[in-house]
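None of these values were measured; they are calculated from a predicted model. Side chains are part of it too, since the values below use all heavy atoms of this structure and drop only hydrogens, waters and symmetry mates. In each ligand, atom 1 is the first atom listed, and ligand 1 is the first ligand listed.
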Amino acid sequence: MDTALLESTANFLVGPGRGILAADESNGTMTKRLEAVGVESSSETRREYRANLFAMPTMAKAISGVILYDETIRQNAVDGTSIPDYLHARDIMPGIKVDTGAKPLACNDGETVTEGLDGLRDRCMEYFQMGARFAKWRAVIRIDDGMPSDACISTNAHALARYAAICQEQGLVPIIEPEVLMEGNHDAQRCFDITATVLDATWEACAVQGVHLPGALLKPNMILPGKAHAVRSDVDTCARMTIDLLHNHVPHEIPGVVFLSGGQTEVEATAHLNAMNNMGPHPFQLSYSYGRALQSSTLKTWAKNRDNVGEAHEVFAHRCEMAHLARSGSWSTDLEV
Ligand code: 13P
């Protein structure tokens, strides 16, 4: 294992003022997103949208890495070069989603285990040769009556740790993503308790597999009440609870935490990260790996006028700038027009 390469990649990804753009929606998810804005989904429309997104002139100020999907890493950028080469040339590291999705967990109705370990070593080798330097694997944990089960927590933790070890052996920094979903009517304390249990199990499994933590990143959910819960958390409460969780349930050798947005609005996800960065110091960088919270308004704008990508670039530039400011706690509501 090349620990120096892994550590330098991980530190690059959470460098000052920058974070990750998650553009690794599977074809199924991307089809839903495109159809919701009235665009037919095809390999070419998915390429057109993403190639234009990555061409936003100031993107590298806020984005250190982009997570790609298998289809996208094989496609071309606006100038005809391969997307991974194009990103490298802009000082942005290409990453790759390597799991094959959350599948029903046997004997545990309603729960899932994320698959993709079979053949993973060979796929990692190929992705590294194509230019990828980091990877993502998303485990999905649902809160409900009697959920998550011990089986769900332990199988997902085991898979995350095995994935992380294989990636590191092949020179890819693993983003370890055990996502506790926002769906449900649980309160914020239950989200805290479940997320803490899931993280503890994940680190235990990582220790068994020999994962090198200074060469890995954590992608967690923030601590929020379920979407159907009657009481909403204010920004300060979410930030304090999330910080409390991270300080006590994340090994301090991890160089960075890159949050998912998980269905929060663009402004909510920005406000929460900003508040947390104002509550430092922290033992690790607190950054983003947002999908929807960086892309939602841009996708809508792009779909309205695909011949004028300038408008979509302006909208994306604004979201990037807001996320960039939140990295140092310098964002404020009045910057949102
Ligand atoms: P969201 O920020 O839209 O939750 O997506 C992040 C991600 O990559 C989920 O795996």
Looking only at protein heavy atoms, which one is nearest to atom 2 (O) of ligand 1, and what is the separation?
Ser261 OG, 2.4 Å

Check: of Arg33, Gln295, Arg292, Lys219, min heavy-atom distance to atom 8 (O) of ligand 1 comes from Lys219

Set of residues satisfying side chain to side chain contact (heavy atoms under 4.5 Å, CB included) with respect to Ala323, sequence neighbours excluded:
Tyr288, Leu294

Counting from 1 in the order shown, the ligand 1 atoms closer than 4.0 Å to a non-hydrogen atom of Tyr290 are 2 (O)

Between Gln295 and Glu266, a side-chain donor and acceptor under 3.5 Å:
no

Sequence-distant partners of Ser154, side chain to side chain contact (heavy atoms under 4.5 Å, CB included), two or more places apart:
none

Distance-only polar pair, side chains of Ser43 and Gln75, donor-acceptor under 3.5 Å
yes

Between Thr237 and Asp234, do the side chains contain an N or O donor and an N or O acceptor separated by less than 3.5 Å?
yes

Residue and atom name of the nearest protein heavy atom (relative to atom 9 (C) of ligand 1), distance in Å to one decimal
Glu177 OE2, 3.2 Å

Which option wins on minimum heavy-atom distance to atom 4 (O) of ligand 1: Ser26, Gly262, Ala23?
Gly262

Option nearest atom 10 (O) of ligand 1 (shortest heavy-atom distance, choices Glu266, Lys136, Gln264):
Lys136

Does ligand 1 have any atom sitting under 4.0 Å from a heavy atom of Ser289?
yes

Relative to the heavy atoms of Ala22, which atoms of ligand 1 are at a distance of less than 4.0 Å?
8 (O)

Paired with Asp24, the salt bridge (charged side-chain N to carboxylate O under 4.0 Å, His left out) test is passed by just one of Arg138, Lys136, Lys219, Arg46, namely Lys136

Are the side chains of Thr58 and Phe316 in contact, using a 4.5 Å heavy-atom criterion?
no

May I ask you to identify the nearest protein heavy atom to atom 5 (O) of ligand 1, giving residue, atom name and distance to one decimal place in Å?
Gly291 N, 3.6 Å

